[in-house]
S.K.: 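One structure follows; several queries about it will come next.
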Protein chains: 2
Amino acid sequence: MTDSDTNSTPERKRGSGVKMVYDLLRDEILDLVLPPGSPIDEVQLAERFKMSRTPIREALVRLAGEGLIDTLPNRSTMVSNIDFLNMHTFFDALVLMYRVTTRLAAQYHRAEDLQVIRAHQADFAAAVAAQDALAMIATNAAFHSAIAEAGRNAYFTGLFNRLLDEGRRILRLYYQSYEDRLPQRFVEEHEDIIAVIAARDSEAADRLATIHAEQIVQQIQKLFARGGKLDIAL
Amino acid sequence: MTDSDTNSTPERKRGSGVKMVYDLLRDEILDLVLPPGSPIDEVQLAERFKMSRTPIREALVRLAGEGLIDTLPNRSTMVSNIDFLNMHTFFDALVLMYRVTTRLAAQYHRAEDLQVIRAHQADFAAAVAAQDALAMIATNAAFHSAIAEAGRNAYFTGLFNRLLDEGRRILRLYYQSYEDRLPQRFVEEHEDIIAVIAARDSEAADRLATIHAEQIVQQIQKLFARGGKLDIAL
DNA sequence: TGCATATTATTTGTCGACAAAAATTATGCA
DNA sequence: TGCATAATTTTTGTCGACAAATAATATGCA
């Protein structure tokens, strides 16, 4: 607390403040360090990062644009809630994006994409071997995000990444420090998915992605004990 | 230029400035009043709306979040370009969202949704009858957006509305004041789509939406004279 | 005491100003 | 003249301060 010297200490590049605050708040929200409903105090953040409220507010506007925080006009702003009532809409969107992005990856991927995908798969396998649930969530998301990138459709990757973020938040609710046996099966399924992508087999990619996605959904739904799966038999 | 009186003239509610600027800029971008590549000058906007740069910048941050403008750090900001090279990714996403939202509308719509949908269809029919191409684009988008809302999946409606916005921008390039005969067919197809939604026939909804969407895509693609339709035979 | 109103305090939205970064123009030297 | 460097202008990012809006607290009256 002893602010010893009075010289101006910028110590920070010009446009980097907003990105720093945005990235950190985003991580804290997705990791549930800031659980849903947590109040966001501009002044507090400003003195925490030793900058004025202006860049803080810009970061908050961005987060609000992605739906990660809710802003009441002239009132408080807080971390957005997870909508458990409409969870099925999340699952529907997630399954469909799993399918579409994997299918497109099989169609449009390049050689270098496969290397990236395999690297993420190695990370995921390592996380499973280490029984590190938090790392599993992160590396699994990175794996599927890389597949989506290989599909080269910015509209789908955009939605998919948002869904994976939201899924990260949901999964954190349950796998705080939890060991599980199921993931070994996921590792094998990932290998199969890589194989059909490499073989450019769109139909098989769609099929495997569907099974894979619905398994994940079912695993989460077991936690919620909710029925009513929506059958988008496309 | 003669700043006659010095009394403070707020004349405007506290949080309304950003929304006003955001809405107006958004419309001007989508209507191509501000064509792709147009420079956005904060100071100019500030004096145009008689407010400081702060609310202007907040509106710009939001628009950048939606990809409608591109911001170079410490450099200029301009209206984002339309990516003609990857136009097929737009079509893929558009067709899929047409299908999914129409299917979900058949499944989850309520009685009051149909009234809204039919009202938009009436507007569309009126625009076609009046040969008003610009109104056709707007009312057609509103019609399908209403269907998406009836499907009650915020993730899909979010992406779909963004796609419809982008489509509005693309179509404006060609239908500046253009008369066309095709739309009459669209009116009939819309009626058919309403019927199968009302009948809660998901499969038929999917089928009609696919045909409808691919027709629109083909019509646009004729203008581009590009081949290579991606077959997402789901 | 209980409730309505008034006062104070906190927080948000906006402003004008300044400084850093880049673009533009001017200057010097070969 | 041609080009590199320096000075100037323009534009953006950040800051501290103020005012509106709301929340919290205090006061008055039955």
Side-chain angles (χ1 to χ4, degrees), chain A residues 3 5-26 29 34 37-80, chain B residues 1 3-26 29 34 37-80:
Chain A
D3 204 5
D5 51 3
T6 54
N7 63 345
S8 60
T9 50
E11 297 293 339
R12 179 167 34 81
K13 274 168 227 158
R14 211 165 119 90
S16 67
V18 279
K19 179 172 168 48
M20 165 175 292
V21 174
Y22 168 83
D23 286 339
L24 195 127
L25 275 184
R26 186 172 172 281
I29 292 170
L34 293 174
S38 303
I40 307 278
D41 187 350
E42 297 177 1
V43 179
Q44 193 176 319
L45 287 169
E47 51 194 43
R48 175 177 169 192
F49 290 97
K50 293 180 179 171
M51 56 179 76
S52 96
R53 277 173 50 226
T54 308
I56 304 286
R57 280 176 66 86
E58 179 172 334
L60 294 185
V61 169
R62 283 206 225 167
L63 290 169
E66 297 178 30
L68 290 178
I69 63 176
D70 288 332
T71 304
L72 287 275
N74 285 322
R75 209 80 65 82
S76 67
T77 142
M78 57 178 64
V79 177
S80 67
Chain B
M1 303 281 178
D3 205 4
S4 53
D5 52 2
T6 53
N7 62 346
S8 60
T9 50
E11 298 291 340
R12 180 166 33 83
K13 274 169 227 158
R14 211 165 118 89
S16 67
V18 280
K19 180 171 166 47
M20 166 175 292
V21 174
Y22 168 83
D23 286 338
L24 195 126
L25 275 184
R26 187 173 170 282
I29 291 171
L34 293 174
S38 302
I40 306 276
D41 187 350
E42 297 177 0
V43 179
Q44 193 175 318
L45 287 169
E47 52 194 41
R48 174 179 170 190
F49 289 98
K50 293 181 179 169
M51 56 178 75
S52 96
R53 278 173 50 224
T54 308
I56 303 286
R57 281 176 65 87
E58 179 172 333
L60 294 185
V61 169
R62 284 206 225 166
L63 290 169
E66 297 178 29
L68 290 179
I69 63 176
D70 289 331
T71 304
L72 286 274
N74 286 322
R75 210 79 67 81
S76 68
T77 142
M78 57 176 64
V79 177
S80 66

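Just so we're on the same page: letters track the sequence lines, and every chain starts at 1. Note that the structure is a prediction, hence the values are computed from the model and not measured.
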S.K.: Restricting to side chain to side chain donor-acceptor pair (under 3.5 Å), what partner residues turn up for A/R48, sequence neighbours left out?
M.R.: A/E28
S.K.: Hey, what are the protein-to-nucleotides 10-13 of chain C N/O distances that come in under 3.5 Å?
M.R.:
residue, atom, partner, partner atom, Å
C/dT12, O2, B/R14, NH2, 2.3
C/dG13, OP1, A/N74, N, 3.4
C/dG13, OP2, A/R57, NH1, 2.8
C/dG13, OP2, A/R57, NH2, 3.1
C/dG13, O4', B/R14, NH2, 2.9
C/dG13, O3', B/R14, O, 2.9
C/dG13, N7, A/R53, NH2, 2.8
C/dG13, O6, A/R53, NH1, 3.0

S.K.: Which residue pairs pass the salt bridge (Lys or Arg N to Asp or Glu O under 4.0 Å) test when at least one of the two sits in residues 14-23 of chain A, sequence neighbours left out?
M.R.: A/K19-A/D23
S.K.: What are the atom names and distances for every N/O pair under 3.5 Å that joins the protein to nucleotides 6-8 of chain D?
M.R.:
none

S.K.: Is the backbone N or O of A/G67 less than 3.5 Å from a side-chain atom of A/S80, with the two atoms forming a donor-acceptor pair by type?
M.R.: yes
S.K.: For a 4.5 angstrom cut-off between non-hydrogen side-chain atoms, does A/L45 reach A/L25?
M.R.: yes
S.K.: Whole angstroms only, please: what is the NZ-C1' distance between B/K13 and D/dA19?
M.R.: 18 Å
S.K.: Could you tell me how far apart A/M20 (CE) and D/dT14 (C1') are, to the nearest whole angstrom?
M.R.: 15 Å
S.K.: Specify the separation, in whole Å, of atom CZ of A/R12 and atom C1' of C/dA19.
M.R.: 13 Å
S.K.: Would you list the atom pairs, donor with acceptor, under 3.5 Å between side chains in residues 58-66 of chain A and any protein atom, with sequence neighbours excluded?
M.R.:
residue, atom, partner, partner atom, Å
A/E66, OE1, A/Y22, OH, 3.2
A/E66, OE2, A/Y22, OH, 2.4

S.K.: Using whole Å, what does the distance between atom C1' of nucleotide D/dC15 and atom CD of A/E47 come to?
M.R.: 15 Å
S.K.: Less than 4.0 angstrom between a side-chain N/O of A/T54 and OP1 or OP2 of D/dT14, yes or no?
M.R.: no
S.K.: Working to the nearest 0.5 Å, report the span between CD1 of B/I56 and CD of B/Q44.
M.R.: 10.5 Å
S.K.: Starting at CE of B/M51 and ending at P of C/dG16, how long is that distance when rounded to a whole Å?
M.R.: 12 Å
S.K.: Taking only residues two or more places apart in sequence, or in another chain, which ones meet B/T54 in a side chain to side chain contact (heavy atoms under 4.5 Å, CB included)?
M.R.: B/S52
S.K.: Tell me whether the OP1 or OP2 atom of C/dC15 has a side-chain N or O from B/S52 closer than 4.0 Å.
M.R.: yes
S.K.: Considering residues at least two apart in sequence or located in another chain, which fulfil the side chain to side chain contact (heavy atoms under 4.5 Å, CB included) criterion with B/S76?
M.R.: B/M78
S.K.: Whole angstroms only, please: what is the CZ-P distance between B/F49 and C/dT14?
M.R.: 14 Å
S.K.: Is there a donor-acceptor pair under 3.5 Å between the side chain of A/S38 and the backbone N or O of A/V79?
M.R.: no
